[in-house]
Amino acid sequence: MSNGRRSSRWLEQGGLDGFLHRSWLKSTGVSDESFRGRPVIGICNSWSELVNCNVHLRGLAEAVKRGVLQAGGFPREFPVMSLGESLMKPTTMLYRNLMAMDVEESIRSYPLDGVVLLTGCDKTNPASIMGACSADIPAIVITGGPMLNGHWRGKELGSCSDCWHYHEELRAGRITDGELTEIENSLSRSNGHCMTMGTASTMACMTEALGLTLPGTAAIPAVDSRRVQAAEATGRRIVALVEEDVRPSRILTREAFENAIHALHAISGSTNAIIHLIAYAGRVGIELPLSLFDQLSRSTPWLVNLKPAGDHLMEDFYYAGGLPAVLAQIRDLLHLDELTVTGQTLGDNLDSTPTEIIDPSVIRARSEPLEPRGSLVVLYGNLCPDGAVMKISAADRRLLSHEGRAIVFEDVHDLAARIDDPELDVDADSVMVLRNAGPVGAPGMPEWGHLPIPSKLLRSGVTDLLRISDARMSGTSYGAVVLHVAPESAVGGPLALVQTGDRIRLDAAARTLDLMLDDAELVRRRKSWTPPPRKDTRGYRQLYEEHVLQANDGCDFDFLRGTAPVVTDVTTYL
Ligand code: FES
């Protein structure tokens, strides 16, 4: 009866169960010849018309199916929840773990031998990978690819770095409403995810550096025919992965994560990647302390000149050589023996993939880095005992060693009400603090950390300000922004104790962030602190607030860490 594959327990068995499974499958128009004796490949599709970044994934799924059929598999596409960064409120991060549960349980409950994950917008990639890690059947990712570059009046536009930039120009009175509408119409020219080195692009690169997608595919533009060809190759490859029984747990080792962290620093990727990589590691039982990101930052050069930290966009990155060219430059830092979805090691992949730098203005040679060290740093101090994160490449250097007077905003509503108040007591040396914006407090840790600069400062020429919060920041944002303060204020982290007028000191070189108060004063304030009431008392959102971990632990749910692999013998379920 069984050929050893998991799906055979559904489709090859005798009796009433086998009859029912086959008969209902045949109602979709497939015959025995389509599926008998073939591995069943799930195509886990986060396509949605509500998620512009993923709207082309149905077409990409057709290419994956062609590849699966070419290799002798039986493809079955299925939908999962999708998370669209621009339309979904209050934040897609609130739902990343829910989508991960959808992916995991869909894999677990259906007769799948392997799965292709089709991802695009920011959280659809980590959610899919987290779910596949826990289910732990052979899996491979094909990302949707970045949009083409935006263009406006001779300038290149990147989403969404230039959204923030030109909106600030409008608030400063330097462009008109009509010009902003022109920019709105010029920014998003094609299918695909945001084309700066924001979170979606960063997570696509992380997927490639970890070895979960075919080499050289992270940066291919969404509408380039080579992405469709890569999807077809991905379909062929998953069938082989099933035969080789290469599961995520064999690929995602501590060394593979270290490779990804080196790549993250070399590309100056999104701060959000730190949270997602820690969450992946938690799924496969690996400790990935926040301090490791800082440790590896010190030895990794920053090589990729893309917005928001640099000048170019993902389309340019692809033409310049893409991630393989970057990995080749830092080859000596990488663990080259790590297995990847090609069935070969990372070192073998680099030997068999073009790694030349085509345009050194986009990808720098190791000998001429943009900076000798990485740009994501981890801060500790009495304001963030469990850590905070800062992307120093995107900040005004003046503010990297800075002491200033705190202006505290109780929550995002308080911020919105007062930020442009002409009476707001703020100057270029102030430190803006936002609290109740973390995983529990918001809830969902939205991308509110890029606090807007008050209009009156913008009009006087101020372009950056030190800002601190327990929120995240869009990977496309920039500025002197300290994020992910842990523990967050809503669970009693020291951010809850800051008062307007306190002094705060940042020393990025020393990796410290401190509230300039003695311990006795902090103890006194803590005695009078009461936690804010929880916002949700039913449903998924209650579950979220009760079980979400802090940022330094990846914001996964405590009960979702680890794997619960599906097994080949599923007869107990039949
Ligand atoms: Fe989807 Fe930016 S809105 S990646």
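These figures come from a predicted structure and were not determined experimentally. Remember, it's 1-based here, ligands and their atoms both numbered in the order they're listed. As a basis for the values below, the full set of heavy atoms in this structure was taken, side chains included, without hydrogen atoms, waters or symmetry mates.
Under 3.5 Å, the side chains of Trp164 and Ser477 contain a donor-acceptor pair of N or O atoms. Judged by distance alone, the side chains of Ser270 and Thr202 never bring a donor and an acceptor atom under 3.5 Å apart. Between the side chains of Ser268 and Ser375, a donor-acceptor pair is found at a separation under 3.5 Å. Side-chain contact, Asn436 with Glu488: no donor N or O sits under 3.5 Å from an acceptor N or O. Judged by distance alone, the side chains of His276 and Arg96 do bring a donor and an acceptor atom under 3.5 Å apart.
For atom 1 (Fe) of ligand 1, the nearby protein N/O/S atoms, meaning those under 2.8 Å, are Cys53 SG, Cys121 SG.
Using a cut-off of 4.0 Å between Lys/Arg side-chain N and Asp/Glu carboxylate O, Glu156 and Lys307 are scored as not salt-bridged.
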